Amino acid sequence: MNTATATARTPYFSFKQPLRFGGEGFVASDDEPFAYRWYDKDRVVLGKRMEEQLRFAVCYWHSFVGNGTDPFGDPTFGRPWHAGGEPMQQARHKAEVAFELFRVLDVPFFTFHDRDIAPEGRTLAESNGNVRRIADLFQRQMADSGIRLLWGTANLFSHPRYMAGAATNPDPEVFAYAAAQVCNALEVTHQLGGANYVLWGGREGYETLLNTDLKRELTQMGRFLSMVVEHKHKIGFKGQILVEPKPAEPTKHQYDFDVASVHGFLRTYGLEREVKLNIEQNHALLAGHTFEHEIALACALGVFGSLDMNRGDELLGWDTDQFPHNLPQVALALYHVLRAGGIGMGGLNFDAKLRRQSIDPDDLVWAHAAAMDLCARALLVAEKMVVDGSLQRHVDNRYAGWETERGRAMLDGRLSLETLAEEVTGKGHEPQPRSARQERLEHLVASYF
Ligand code: XLS
Ligand code: NI
Ligand code: NI
């Protein structure tokens, strides 16, 4: 490749400088169309810098692999690295543009699947080698820029070999192949100092029970996850292993349905202390839950790990993976995260994609920057809710009876069913209904925005 071509590839975006914090009063101009109004990375929120409270990540797949196709339409984005040519060269081009975007956004983290970053070779050894070569390039770019890896993962769902599942495949050789792929992806994540490793089982489930041995498949999945945990300890990876629940899509029924079912699964296989959850807004909706329900439940069960930030569409029943844009929704989600002690080693990964008609390179910048600013604003609302404490006081008051001697005695086993029956029947005691004050609390929450 000659130098002329090399310089022609970047910059890809018209934004040249990292986006700065301009404050709420920022006024856009032709010279500076965007500055963060709320994302002030050094501002301290509940004892931590905003950057560390939010730990934003750009995902590689939607931003650099996605080409604007939908089930009915051809690619619309026209990314130059999708234009054919030598696949490893294209992968390097893609990586350069990816780091250009990370720098422009001033985002601290990124995430990827093995197959996002490097082309599949003729053999697994060749594919793994391709991944390792791009990871070496990442390592240099990361050292230069200070950008870190939030998590890595393996794509165990695109290739036809995985059409009947990876760990849950009826063929043990597919299980073995998936193990080899995850082994490589986990080691690469470790090499890059990743904070987490994610498993999302899009093909781990079934299309029809007519051909499925459900019990056997769950056992396979339990063993697979245990092997991942064993290898993590063997290589000394200190990050969290995360499972990402999703009820369906692409498979009709996915075993990692939601937080509750993954937690039950982890307990069955003795993994509840080893594995945590990566919760995605849109997946929560598909499972018939709110985002904050899934977060609150994971926190309550001690398995909260990280967030995939996106949103669904009220009118569409599939994973539309749109950039977050709903302030109350994100604020309530972050309120639960803050109440549980913060995001920890996790982060806010934008598992979100541009709409098919957003074809300008700069749309990638706008989408992420706007989402980061929205989340930062939501964090400040959540901070107010925590600091003010009124909402929590309402909740505490509602359960105050359980903090009395009698309440404790009921819970810790000092009172039996029979004792309670005798007591209550004897006294003729009738519990008094109390208002749950939902509307009043909704009014309170609205006051924080
Ligand atoms: C798909 C999932 C996927 C995971 C990573 O719906 O969200 O993108 O986050 O494999
Ligand atoms: Ni996701
Ligand atoms: Ni998703």
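Keep in mind that what you see is a predicted model, and the values were worked out from it rather than measured. Just so you know, residue 1 is the first one in the sequence shown, and it goes up from there. Indexing begins at 1, ligand by ligand and atom by atom, following the structure's order.
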Exercise. Around atom CZ of Arg37, are there more than 12 heavy atoms of other residues, nucleotides or ligands at under 6.0 Å?
Worked result: yes

Exercise. Looking at side-chain heavy atoms only, is the closest gap between Tyr255 and Tyr206 below 4.5 Å?
Worked result: yes

Exercise. Once rounded to 10 degrees, what value does the angle at the Ni ion (ligand 2) take between OD2 (Asp351) and OE1 (Glu280)?
Worked result: 90°

Exercise. Between the side chains of Gln281 and Asp351, does any donor sit under 3.5 Å from an acceptor?
Worked result: no

Exercise. Hey, does Met372 have a side-chain heavy atom less than 4.5 Å from the side chain of Leu105?
Worked result: yes

For this session: Look at atom CE of Met88 and say whether more than 12 heavy atoms of other residues, nucleotides or ligands are closer to it than 6.0 Å.
Result: yes

Problem set entry | Presence of N, O or S from Asp308 under 2.8 Å of the Ni ion (ligand 2) | yes

Exercise. In terms of heavy-atom contacts, does NE2 of His394 have more than 12 from other residues, nucleotides or ligands at under 6.0 Å?
Worked result: yes

Exercise. Does a salt bridge link Glu52 with Lys48, judged by any charged N lying under 4.0 Å from a carboxylate O?
Worked result: no

For ligand 1, list all ligand N or O to protein N or O distances below 3.5 Å, rounded to 0.1 Å.
unit_1	atom_1	unit_2	atom_2	d
ligand 1	6 (O)	Lys246	NZ	2.9
ligand 1	6 (O)	His283	NE2	3.1
ligand 1	6 (O)	Asp319	OD2	3.0
ligand 1	7 (O)	Glu244	OE2	2.7
ligand 1	7 (O)	Glu280	OE1	2.7
ligand 1	7 (O)	His283	NE2	3.2
ligand 1	7 (O)	Asp351	OD2	2.7
ligand 1	8 (O)	Trp61	NE1	3.2
ligand 1	8 (O)	Asp351	OD2	3.0
ligand 1	9 (O)	Glu244	OE1	2.7
ligand 1	9 (O)	Glu244	OE2	2.9
ligand 1	9 (O)	Asp308	OD2	3.0
ligand 1	9 (O)	Asp351	OD2	2.9
ligand 1	10 (O)	His113	NE2	2.7

Exercise. Is there side-chain contact between Glu280 and Asp321, with heavy atoms separated by less than 4.5 Å?
Worked result: yes

Exercise. Which N, O or S atom name in Glu244 marks its closest approach to the Ni ion (ligand 2)?
Worked result: OE2

Problem set entry | Which atom of Asp319 approaches the Ni ion (ligand 3) most closely (N/O/S) | OD2

